[in-house]
Undergrad: 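Let me give you the structure first, and then I'll get to my questions.
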Amino acid sequence: MKYELFFLNNMHDSMEMVNAELDPFLDLSRQGVFDKLCVKHIILNLANCLELLVKYRLEQEHWTLIFSDLNKAKYSDYLEGDYISVDVKSGISRLKNICEMKYVFTSSIHIYQYRNRLMHYTLISTFEQIIEDVANAMEEIAEFVEKEVFEDLPEEAQKDFQSSIADYRKYAVILKEFKI
């Protein structure tokens, strides 16, 4: 039996996982309970979302751009998924320098740095800074999807992504007004 999971599904799932984690996080926070596990999952899924979106957009430009080392890009390796892919910071640089995009991903980069600390060391920051970066990163990602990804999506995927983008914008507003 063939198993196939499309790249678009992974991107959308990552976006939706952030939205799914925010509801219980906000409910508990309003009751004075800070759920560290929810914050962890929000950061991990938001970072994953960013990484997938950057690679998707680079791949739309040309498949070689998702290779870490462009000189080692081979189409057969690309088809097999047998390569080291570009990291987020380098991918964003390629979006700016090669694709000539003018997006600011400041908070999104902070989220990716939080992700790296969670995965490889210890995340130390303030709750207020993390929430601010999550809200701003959600806005950055929503804008990027709307302007650089949305029109290339199949029609059925556009509806799903449109709903996720609306939720990102809604949660960003809520998080910006959120008081600890």
Side-chain angles (χ1 to χ4, degrees), residues 3 5-31 33-59 66-68 81 83-95 103-146 148-150 153 157 160-176 178 180:
Y3 177 78
L5 188 60
F6 295 102
F7 194 49
L8 290 176
N9 294 88
N10 295 337
M11 288 187 321
H12 187 257
D13 288 348
S14 291
M15 289 184 83
E16 281 301 297
M17 289 304 298
V18 173
N19 290 332
E21 288 290 338
L22 278 165
D23 275 330
F25 169 76
L26 290 169
D27 287 344
L28 288 171
S29 296
R30 287 181 187 114
Q31 299 169 26
V33 178
F34 175 62
D35 188 342
K36 292 179 183 179
L37 192 58
C38 276
V39 174
K40 173 186 168 185
H41 289 288
I42 290 166
I43 291 168
L44 294 176
N45 284 303
L46 198 53
N48 190 50
C49 177
L50 173 67
E51 183 174 1
L52 291 170
L53 287 167
V54 167
K55 290 177 182 178
Y56 175 80
R57 186 55 186 86
L58 288 171
E59 185 182 43
I66 63 172
F67 278 70
S68 177
Y83 58 90
I84 297 172
S85 64
V86 66
D87 63 86
V88 169
K89 284 185 178 180
S90 298
I92 289 171
S93 291
R94 288 179 187 180
L95 288 174
Y103 293 96
V104 176
F105 288 104
T106 305
S107 292
S108 297
I109 291 295
H110 291 168
I111 295 298
Y112 208 77
Q113 290 167 335
Y114 295 152
R115 176 250 178 228
N116 287 345
R117 287 186 226 148
L118 280 169
M119 298 300 290
H120 306 295
Y121 185 61
T122 300
L123 173 59
I124 301 171
S125 186
T126 65
F127 177 70
E128 295 85 358
Q129 187 61 55
I130 291 170
I131 295 303
E132 180 182 332
D133 286 332
V134 166
N136 291 334
M138 291 178 81
E139 287 177 336
E140 292 170 359
I141 288 170
E143 179 183 356
F144 184 74
V145 171
E146 284 176 332
E148 298 297 336
V149 175
F150 191 77
L153 297 174
D160 291 336
F161 276 84
Q162 199 166 29
S163 174
S164 296
I165 291 167
D167 286 343
Y168 265 43
R169 292 199 182 283
K170 172 188 80 174
Y171 282 123
V173 169
I174 292 169
L175 289 171
K176 286 181 177 192
F178 188 73
I180 301 165

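What you see below is based on every heavy atom in this structure, not just the backbone, and it leaves out hydrogens, waters and symmetry mates. Note that the structure is a prediction, hence the values are computed from the model and not measured.
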Undergrad: Do you know which two heavy atoms are closest between Thr106 and Glu140, and how far apart they sit?
TA: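 Result for this residue pair: N-OE2, 3.5 Å.
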Undergrad: So, Gln129 versus Asp133: side-chain donor-acceptor pair below 3.5 Å or not?
TA: yes
Undergrad: For the residue pair Val173 and Arg169, establish whether any side-chain heavy-atom pair is separated by less than 4.5 Å.
TA: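 They are not in contact (no side-chain heavy atoms under 4.5 Å apart), so the answer is no.
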Undergrad: Nearest 0.5 Å, what's the OG-CD1 distance between Ser164 and Ile141?
TA: 11.5 Å
Undergrad: Taking all non-hydrogen atoms of both residues, which atom of Ala135 and which atom of Ala172 are closest, and how far apart?
TA: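 For Ala135 and Ala172, the tightest heavy-atom pair comes out as O-CB, 3.5 Å.
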Undergrad: Check Leu58 against Gly91 and note the closest heavy-atom contact, atom names and distance.
TA: CD1-CA, 3.7 Å
Undergrad: Without swapping roles, check the side chain of His12 against the backbone of Asp160 for a donor-acceptor pair under 3.5 Å.
TA: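 Judged by distance alone, yes, a pair lies under 3.5 Å.
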Undergrad: Parallel, tilted or perpendicular: which describes the rings of Phe34 and Phe25, with under 30° parallel and over 60° perpendicular?
TA: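 Perpendicular, since the angle between the ring planes exceeds 60°.
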Undergrad: Do Glu16 and Asn19 have side-chain atoms, one donor and one acceptor, less than 3.5 Å apart?
TA: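 Judged by distance alone, the side chains do pair up.
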Undergrad: So, for Ile124 and Arg117, which heavy atoms are closest and what is the spacing to 0.1 Å?
TA: O-NH1, 3.5 Å
Undergrad: Can you name the nearest heavy-atom pair linking Tyr168 to Met15, along with the distance?
TA: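 The answer is OH-CA, 3.2 Å.
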Undergrad: Ile111 and side-chain contact (heavy atoms from CB on, under 4.5 Å): which partner among Ile130, Val134, Asn136?
TA: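 Result: among Ile130, Val134, Asn136, Val134 is the only option passing the side-chain contact (heavy atoms from CB on, under 4.5 Å) with Ile111.
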Undergrad: Step by step, would you call Tyr56 with Asn10 a side-chain contact (heavy atoms from CB on, under 4.5 Å)?
TA: CA-CA 11 Å; Tyr56 175 80; Asn10 295 337; over 6 Å; no
Undergrad: Please say whether more than 12 non-hydrogen atoms of neighbouring residues, nucleotides or ligands are located less than 6.0 Å from NZ in Lys176.
TA: yes
Undergrad: Is there a side-chain contact between Asn45 and Asp13, using heavy atoms and a 4.5 Å cut-off?
TA: no
Undergrad: Applying side-chain contact (heavy atoms from CB on, under 4.5 Å) to Met138 and Leu46, what does each step give before you reach the verdict?
TA: CA-CA 8 Å; Met138 291 178 81; Leu46 198 53; 4.1 Å; yes
Undergrad: Decide whether a cation-pi geometry holds between Arg115 and Tyr112; the criteria are a distance under 6.0 Å from NZ or CZ to the six-membered ring centre and an angle within 45° of the ring axis.
TA: yes
Undergrad: Nearest 0.5 Å, please: how far is CG in Asp27 from CG in Asp35?
TA: 11.0 Å
Undergrad: Are the side chains of Val54 and Glu51 in contact, using a 4.5 Å heavy-atom criterion?
TA: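 When only atoms from C-beta onward are counted, Val54 and Glu51 do not touch, as no gap falls below 4.5 Å.
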Undergrad: Check side-chain contact (heavy atoms from CB on, under 4.5 Å) between Asn48 and all other residues, then give those that pass, not counting sequence neighbours.
TA: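 side-chain contact (heavy atoms from CB on, under 4.5 Å) check on Asn48 returns Ser14, Leu52.
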Undergrad: For residues Val39 and Tyr114, determine if any side-chain heavy atom of one lies less than 4.5 Å from a side-chain heavy atom of the other.
TA: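 Val39 vs Tyr114: side chains apart.
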Undergrad: Heavy-atom count check: over 12 atoms from other residues, nucleotides or ligands less than 6.0 Å from Lys40 NZ?
TA: no
Undergrad: To the closest 0.5 Å, what do you measure between CE (Met11) and NZ (Lys55)?
TA: 12.5 Å
Undergrad: Where the side chain of Glu21 meets the backbone of His41, is there a donor-acceptor pair that is under 3.5 Å apart?
TA: no
Undergrad: In Å and rounded to the nearest 0.5 Å, what is the SG to CD1 distance from Cys49 to Ile42?
TA: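 Reported to 0.5 Å precision, the distance equals 13.0 Å.
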Undergrad: By side-chain contact (heavy atoms from CB on, under 4.5 Å), which residues pair with Glu148, not counting sequence neighbours?
TA: Arg57, Met101, Tyr103, Phe144
